[in-house]
Amino acid sequence: MDDQTRMLGLGGGLGALSQADVGDPDSARKQQALGQPQQDIGDILQQIMAITDESLDEAQARKHALNCHRMKPALFSVLCEIKEKTVLSIRGVQEEDPPDPQIMRLDNMLLAEGVSGPEKGGGSAAAAAAAAAAGGSPNDGSIEHSDYRAKLAQIRQIYHSELEKYEQACSEFTTHVMNLLREQSRTRPISPKEIERMVAIIHRKFSSIQMQLKQSTCEAVMILRSRFLDARRKRRNFNKQATEVLNEYFYSHLSNPYPSEEAKEELAKKCGITVSQVSNWFGNKRIRYKKNIGKFQEEANLYAVKTAVDAANVSAQASQANSPATPNSGNPDNYTCQCR
DNA sequence: TAGGATGATTGGCG
DNA sequence: CGCCAATCATCCTA
């Protein structure tokens, strides 16, 4: 009860005000009623009810008068008593509920997709991973990647602006209600705890709206992602030069067609593809070669000649004066023996 | 347009 | 984690 009295600023002085100060047109009647508490309270209540029929100015004046009425503390304590009884029954019903698992899930999802949380240098991990795997030609991959990023950024922006709007509306509404309650606490008993509870109720309401926003944002990201992932499967054959480079390496290392990480990087650079694409290519090539060596015989011979000629050219350039190099001399992995 | 070629994905294994 | 094997999805050509 202490805080209520504090809130009211009732530090005395109510009794010091005369009816004349109040400027009440019914003062004469009330004057008669002084000393009769029951009638006084009835009077006050009547005046409270009458406030709704009055103009704003009149109502303000009446409110002030009521606040200063000498019977105010008595009425207030009665209200407090009534409230105490009713509030007790309410208490315990509204427990502090744990954080909503649904909203937590959505939060995690948005965070993982890079929609919420700190802006990562140009997009989500998902985008980066998808871009790395985005195959075909590197050009198309980058276009899809930037497309994805742009769309994700758009979603992100909308999400944040909407979230901001909600938060602003929530805080505005909360402040408004708090002010209203504080104002009302002058005439009826409202504890800070109750204000807190009211604020919590408002926040719960707003968080349910926020959940809807998060849900629809998640849906948007999922749709975008599925579209992007579908597009990822749209492959393009590597260009001729890239295939040639890969085949050259493959057939010149036929006894051990497993390029090291460095070799893969080198090949990727040469072909303008990613390292994982190089790995895919070698994986596919090894298995398909093994399955049907006969079918690849011609191709193998072709690249054998090619590498032999290249090697010959290199050695000829290196030492023109020396004896000419024999075919395949520069190639430690002579595939021809493998193919028979 | 059918069917082969080819790049990517997936699940299992060591 | 890298690789294999099977499979998918798309491209390409006759």
Side-chain angles (χ1 to χ4, degrees), chain A residues 105 108-109 112-115 120 122-152 218-307 310 331-340:
Chain A
R105 221 189 57 210
N108 287 339
M109 206 152 157
E113 294 296 337
V115 174
K120 296 170 199 165
S124 68
S137 71
N139 293 332
D140 280 5
S142 65
I143 286 165
E144 280 165 11
H145 183 203
S146 65
D147 214 35
Y148 180 88
R149 269 169 50 178
K151 293 236 165 70
L152 194 73
C218 271
E219 274 167 25
V221 172
M222 285 298 117
I223 289 166
L224 175 68
R225 222 168 121 71
S226 71
R227 263 191 215 153
F228 182 74
L229 290 176
D230 284 347
R232 190 176 51 168
R233 288 195 84 96
K234 274 187 184 165
R235 62 173 191 81
R236 284 275 158 79
N237 288 355
F238 299 156
N239 62 42
K240 231 176 175 176
Q241 186 248 336
T243 316
E244 224 156 89
V245 169
L246 294 166
N247 270 318
E248 258 174 55
Y249 187 97
F250 181 79
Y251 287 111
S252 64
H253 297 77
L254 207 46
S255 65
N256 185 36
Y258 297 88
S260 65
E261 203 53 38
E262 293 82 46
K264 278 183 194 171
E265 276 168 28
E266 180 82 28
L267 287 165
K269 217 197 258 176
K270 268 193 199 169
C271 302
I273 57 178
T274 66
V275 172
S276 62
Q277 282 179 303
V278 172
S279 300
N280 281 342
W281 190 92
F282 273 88
N284 284 324
K285 191 73 183 179
R286 279 192 297 266
I287 197 83
R288 283 163 189 165
Y289 179 82
K290 202 175 83 176
K291 266 188 179 172
N292 196 348
I293 292 173
K295 198 180 80 184
F296 289 93
Q297 189 64 69
E298 208 177 318
E299 191 179 68
N301 290 333
L302 198 80
Y303 281 100
V305 173
K306 207 166 150 46
T307 42
D310 286 352
N331 180 8
D333 294 307
N334 194 335
Y335 58 88
T336 42
C337 60
Q338 301 280 325
C339 305
R340 288 188 190 119

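Sequence lines set the chain letters: A, B, ... in the order given, protein chains first and strands last, and positions in each chain run from 1.
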Contact list for residues 242-251 of chain A, test salt bridge (Lys or Arg N to Asp or Glu O under 4.0 Å), sequence neighbours left out: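 Qualifying pairs, neighbours excluded: Glu244(A)-Lys306(A), Glu248(A)-Lys306(A).
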Pairs touching residues 266-283 of chain A that satisfy salt bridge (Lys or Arg N to Asp or Glu O under 4.0 Å), sequence neighbours left out: none
My understanding is that only residues two or more places apart in sequence, or in another chain, count here; which of them pass side chain to side chain contact (heavy atoms under 4.5 Å, CB included) with [X]?
X         : result
Glu265(A) : Glu261(A), Val275(A)
Pro259(A) : Tyr249(A), Ala263(A), Lys264(A), Leu267(A), Phe282(A), Arg286(A)
Asn247(A) : Thr243(A), Tyr251(A), Trp281(A), Lys285(A), Glu299(A), Tyr303(A)

Spacing of [X] atom [atom1] relative to [N] atom [atom2], expressed in whole Å:
X         : N      : atom1 : atom2 : result
Phe296(A) : dG4(B) : CZ    : C1'   : 12 Å
Lys295(A) : dG4(B) : NZ    : C1'   : 8 Å
Asn239(A) : dA5(B) : CG    : P     : 20 Å
Arg288(A) : dT7(C) : CZ    : P     : 13 Å
Asn237(A) : dA8(B) : CG    : C1'   : 12 Å
Glu298(A) : dA5(B) : CD    : C1'   : 16 Å
Trp281(A) : dT9(B) : CH2   : P     : 18 Å

Please list, pair by pair, any protein nitrogen or oxygen found under 3.5 Å from a nitrogen or oxygen in nucleotides 1-5 of chain C.
residue: dC3(C); atom: OP2; partner: Lys264(A); partner atom: NZ; Å: 3.1
residue: dC4(C); atom: OP1; partner: Tyr258(A); partner atom: OH; Å: 2.2
residue: dC4(C); atom: OP2; partner: Arg286(A); partner atom: NE; Å: 2.6
residue: dC4(C); atom: OP2; partner: Arg286(A); partner atom: NH2; Å: 2.9
residue: dA5(C); atom: OP1; partner: Lys290(A); partner atom: NZ; Å: 2.9
residue: dA5(C); atom: OP2; partner: Lys290(A); partner atom: NZ; Å: 2.8

Which is it for Gln297(A) and Asn301(A) under the side-chain contact (heavy atoms from CB on, under 4.5 Å) test, yes or no, and what are the steps along the way? CA-CA 6 Å; Gln297(A) 189 64 69; Asn301(A) 290 333; 3.6 Å; yes
It should be established whether Gln277(A) places a side-chain nitrogen or oxygen under 4.0 Å from OP1 or OP2 of nucleotide dG7(B).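 Checking Gln277(A) against dG7(B): no side-chain N or O falls below 4.0 Å of OP1 or OP2.
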